[in-house]
Amino acid sequence: MKGIQRSIFYIALFALASCSPIKKYQKDKDVLAWEKDIKAFEKLDAEQPDPQNAILFTGSSSIRLWDNIHEDLKPYEVIQRGYGGAHFDDLAVYAKRIIYPHNPQAVVVFVANDITGGNNDKEPKEVLNLYQYVVKQTRKKLPNEKIFFIQITPTNSRWKVWDKTTEVNNLIKSYSATDPNLFYIETADAFLGADGKPNANLFRDDQLHLNLDGYKIWSRIILENLNKALK
């Protein structure tokens with residue numbers, strides 16, 4: 001009888017592992033392409049001790065390119081771990097290696113590359129599932145710390161898929177409302193002009209990444225949310 005029970009247990013365990021939302025991404029060449037960046041983070045982690053009560057910012061290039069992040073977010077200490085054109089699939093795969101070396105008082109996530117109008121776009125619910133997985137992995141190391149998601153910004157370069165991106169934003173907003181330690185930072189309205197379209201003056205020439213004026217607005221909104229939640 002014990003042998004049968006053990007077999008059932010292992011079958012169930014295998015089935016659970018097979019259902020992992022990141023299983024199909026773990027050997028994806030586009031995900032593995034970030035290995036060099038993740039190793040660079042690990043080198044930084046080994047060489048530079050974190051400030052106490054820091055906030056870990058991770059995600060895509062808007063985090064990486066935020067040159068004034070430490071100044072803009074004072075008095076908070078910041079750990080900056082943004083990389084290239086991060087997607088939620090690679091963030092999910094690398095979540096432990098990015099997050100676990102740190103003991104921040106909060107984690108802030110911004111990823112905006114899963115829906116771009118390309119052939120490899122994910123469906124909104126798949127993006128939500130991957131974000132939920134990132135949260136789940138974070139909770140294993142930081143069970144009670146606050147996790148913030150910065151709303152995906154409307155941009156002229158990806159305006160044709162804004163409806164679908166809005167669906168992702170709304171799904172993550174609704175999910176965040178289910179947990180008192182999950183927060184959703186709304187920023188979109190601040191980047192829309194009087195015509196209801198993205199304000200080109202707040203973006204670099206690529207009309208995708210924020211310029212200095214854009215970062216000033218972003219940092220003000222993010223600071224307001226951090227202050228309110230972290231007090």
Side-chain angles (χ1 to χ4, degrees), residues 21-22 24-25 28-31 33-34 37 57-69 72 80-95 98 108-135 148-176 183-222 225:
I22 69 162
K24 67 179 181 179
Y25 299 117
D28 187 301
K29 61 181 179 61
D30 291 329
V31 171
W34 297 112
D37 295 73
F57 277 73
T58 189
S60 48
S61 51
S62 291
I63 302 298
R64 179 178 63 85
L65 295 171
W66 193 349
D67 293 335
N68 297 326
I69 189 170
D72 288 345
Q80 187 178 16
R81 292 295 184 270
Y83 59 99
H87 295 71
F88 262 119
D89 47 11
D90 41 80
L91 182 60
V93 169
Y94 293 118
I98 294 172
V108 180
V109 178
F110 178 79
V111 177
N113 296 308
D114 292 283
I115 296 177
T116 65
N119 294 329
N120 296 321
D121 280 4
K122 299 179 182 66
E123 289 302 314
K125 287 186 178 179
E126 184 179 6
V127 180
L128 172 65
N129 289 340
L130 288 166
Y131 178 60
Q132 290 174 323
Y133 182 87
V134 171
V135 169
F148 297 79
F149 176 83
I150 304 173
Q151 183 180 32
I152 301 172
T153 315
T155 65
N156 285 307
S157 64
R158 296 176 181 173
W159 187 242
K160 64 181 179 180
V161 291
W162 178 238
D163 286 350
K164 202 169 183 180
T165 303
T166 297
E167 188 176 346
V168 172
N169 281 330
N170 289 338
L171 285 170
I172 294 179
K173 181 179 181 179
S174 296
Y175 167 62
S176 299
F183 297 85
Y184 179 82
I185 302 178
E186 298 196 48
T187 62
D189 288 349
F191 291 92
L192 297 175
D195 60 357
K197 294 182 178 180
N199 183 347
N201 295 323
L202 300 177
F203 297 88
R204 302 183 187 194
D205 290 342
D206 61 8
Q207 286 298 301
L208 175 64
H209 297 99
L210 301 176
N211 60 21
L212 285 176
D213 289 334
Y215 274 118
K216 286 179 183 178
I217 293 173
W218 221 38
S219 59
R220 173 180 57 78
I221 297 171
I222 292 168
N225 280 266

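What you see is a predicted model; the values in this text were computed from it and never measured. All residue numbers refer to positions in the sequence shown, counting from 1.
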Side-chain polar contacts of residues 185-199 - donor-acceptor pairs under 3.5 angstrom, sequence neighbours left out - could you list them?
unit_1 : atom_1 : unit_2 : atom_2 : d
Glu186 : OE2    : Lys173 : NZ     : 2.9
Asp195 : OD1    : Lys197 : N      : 3.0
Asn199 : OD1    : Asn201 : N      : 3.0

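- Rounding to the nearest 0.5 Å places CG of Leu208 at 6.5 Å from OG of Ser62.
- Under the side chain to side chain donor-acceptor pair (under 3.5 Å) criterion, Thr116 pairs with Asp121, not counting sequence neighbours.
- For Asp89, the side chain to side chain donor-acceptor pair (under 3.5 Å) test picks out Lys122, with sequence neighbours left out.
- Residues satisfying the side-chain contact (heavy atoms from CB on, under 4.5 Å) test with Thr166, not counting sequence neighbours, are Trp162, Asn170.
- Around CG of Asp205, the count of heavy atoms belonging to other residues, nucleotides or ligands within 6.0 Å does not exceed 12.
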side-chain contact (heavy atoms from CB on, under 4.5 Å) for Val127 and Leu171? Distances and angles first, verdict last. CA-CA 9 Å; Val127 180; Leu171 285 170; over 6 Å; no
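- Remark: Ala95 engages Ile99, Gln137 in a side-chain contact (heavy atoms from CB on, under 4.5 Å) (not counting sequence neighbours).
- The CD1 atom of Ile63 sits 8.0 Å away from atom OG1 of Thr58, with the distance rounded to the nearest 0.5 Å.
- Considering every non-hydrogen atom in both Phe88 and Val134, the closest pair reads CD2-CG2, 4.3 Å.
- In this structure a side-chain-to-backbone donor-acceptor pair under 3.5 Å is missing from Gln151 to Tyr184.
- Shown here are the side chain to side chain donor-acceptor pair (under 3.5 Å) partners of Asp213, two or more places apart in sequence or in another chain: there are none.
- In this structure Arg220 satisfies the salt bridge (Lys or Arg N to Asp or Glu O under 4.0 Å) test together with Glu224, sequence neighbours excluded.
- Taking the ring centroids of Phe110 and Trp66, they lie at or beyond the 6.0 Å cut-off.
- Each of Thr155, Thr153, Ile152 was compared with Thr165 under the side chain to side chain contact (heavy atoms under 4.5 Å, CB included) criterion, and only Ile152 meets it.
- When the side-chain contact (heavy atoms from CB on, under 4.5 Å) test is applied to Asp67, no partner is found at least two apart in sequence or on another chain.
- Shown here are the salt bridge (Lys or Arg N to Asp or Glu O under 4.0 Å) partners of Lys164, two or more places apart in sequence or in another chain: Glu123.
- Partners of Arg64 by side chain to side chain donor-acceptor pair (under 3.5 Å), not counting sequence neighbours: none found.
- Side-chain contact check for Leu210 versus Phe203: some heavy-atom pair is nearer than 4.5 Å.
- Under the rule for a ring pair (Phe, Tyr, Trp, His ring centres under 6.0 Å), Tyr94 has no partner lying at least two apart in sequence or in another chain.
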